[in-house]
Amino acid sequence: MKAAVLGAGSWGTAFAKILGDAGNDVVLWARRPEIAAAIRETGCNPEYLEGTRLGERVTATASATEAIKGAELVVLAVPSQTLRTNLGDWAADLTADSTLISLMKGIELGTTQRMSEVIVEAGRVAPERVAVVSGPNLAGEIALEQPAATVVACTDIDRATRVQRAITTPYFRPYTNDDVVGCELGGAVKNVIALAFGIAHAMGLGDNTKATLITRGLAETARLGVALGADPLTFSGLAGLGDLVGTCMSPLSRNRTFGEHLGRGKTLEQAQAATRYTAEGVKSCLAIRDLARSHGVEMPITEQVERVCHEGVDPKVAVAALMSRSTKAE
């Protein structure tokens, strides 16, 4: 297949490599012309995953129109809060019946829509044309071709299977699922829980605390998912528990690392300056909180992460608030 990957960050770059290694012809769109030129000339992205050879089937451009032209697979790998604006500009270039693949793990501010819902609206496409890729997919490890698995979720299972075949390599094993809602929520909420995990780690809290955050974080993710019609079993799989564990435990995780800065007492602005990248959970925690409230779902960890990030609450106060909640049956 011909594939376009729109977004040359870490995950977009690694996914372009996966597609190329699986035998597809790939055009990677980079916002900055100098990055696109460097990829064409050297076969590597000098900004992200430096030194990783992307392969002969991967080229790059700074023109989204050029990248999308004739593409059967259009992979969206831009920051979640920029998706609507970008895709609105790109929609006219989409090939009829092309499959749009979302790599993004966030909830849109204001609308509280999942990324697939934004794609349907902004891209003016049918829901069955949208597939979601989610799982424990740390880009740095995949770039080194360390074994990893993921989930391709689409309401059209035949389309999910075609995507599965297009991204299967000796080091990357995709599974299919028709639970788009569950896979997207698992990917979005785990970023918020990873912020909490990073805060706890920087505070010197131990493994009991961390295990509690992972399991109770999974519980509140599943509560929200069930309220929105997701299959509860999704949250015990790669797109739920798998992604959550990977993002919380790995020092490669942007959200965990961002949380560590907050746990050391830095402000949101100071943490942003120190990391210089997008930690999706920072913005998504606001949208996830609003989504949960609108459906009457309790998400106490998400609520406290939002307070630390956006209300300047001391992490110690947030921990105390979590521990002083009324006890309930698990």
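As a basis for the values below, the full set of heavy atoms in this structure was taken, side chains included, without hydrogen atoms, waters or symmetry mates.
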### Task
Would you check, one step at a time, whether the test side-chain contact (heavy atoms from CB on, under 4.5 Å) holds for M115 with E184?
CA-CA 8 Å; M115 294 296 98; E184 285 192 291; 3.6 Å; yes
### Message
Among V27, L19, N24, exactly one meets side chain to side chain contact (heavy atoms under 4.5 Å, CB included) together with K2. Which residue is that?
### Response
V27
### Shared hydrophobic cluster for V120 and V75 (ILVMFWY, side-chain gaps under 4.5 Å)
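Different clusters: V120 never reaches V75 through Ile, Leu, Val, Met, Phe, Trp or Tyr contacts under 4.5 Å.
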### Message
As a quick check of understanding, evaluate side-chain contact (heavy atoms from CB on, under 4.5 Å) for L76 and L87, giving each step before the final call.
### Response
CA-CA 9 Å; L76 299 163; L87 191 52; 4.3 Å; yes
Would a 4.5 Å heavy-atom cut-off, applied to side chains only, mark [X] and [Y] as touching?
X	Y	result
E303	R307	no
F258	Q272	yes
P46	I35	yes
V163	C154	no

Between [X] (side chain) and [Y] (backbone), is there a donor-acceptor pair under 3.5 Å?
X	Y	value
S324	A321	yes
E306	V282	no
W29	A62	yes

With a sphere of 6.0 Å drawn around [atom1] of [X], does it hold more than 12 non-hydrogen atoms of other residues, nucleotides or ligands?
X	atom1	value
R31	CZ	no
E311	CD	yes
K69	NZ	no
D97	CG	yes
R173	CZ	no

Can you confirm whether the side chains of [X] and [Y] place a donor and an acceptor under 3.5 Å from each other?
X	Y	result
D290	T112	no
T176	Q164	no
R129	S98	yes
T169	D21	no

Is the shortest distance from a Lys or Arg side-chain nitrogen in [X] or [Y] to a carboxylate oxygen in the other one below 4.0 Å?
X	Y	value
R162	E72	no
E220	R216	no
E298	R223	no

Show the atom names and distances, to 0.1 Å, of all donor-acceptor pairs under 3.5 Å that link a side chain in residues 227-235 to residues at least two apart or in another chain.
residue	atom	partner	partner atom	Å
D231	OD1	L233	N	3.0
T234	OG1	D179	OD2	2.5
T234	OG1	D231	O	3.3

### Message
Run E117 and T111 through side-chain contact (heavy atoms from CB on, under 4.5 Å) and show every step you take.
### Response
CA-CA 10 Å; E117 294 176 309; T111 67; over 6 Å; no
### Task
Begin with the C-alpha distance, continue with both residues' side-chain angles, and end with the deciding distance and a verdict on side-chain contact (heavy atoms from CB on, under 4.5 Å) for V317 and Q304.
CA-CA 9 Å; V317 174; Q304 294 305 322; over 6 Å; no
#### Entry: F15: partners by ring pair (Phe, Tyr, Trp, His ring centres under 6.0 Å), with sequence neighbours left out
W11
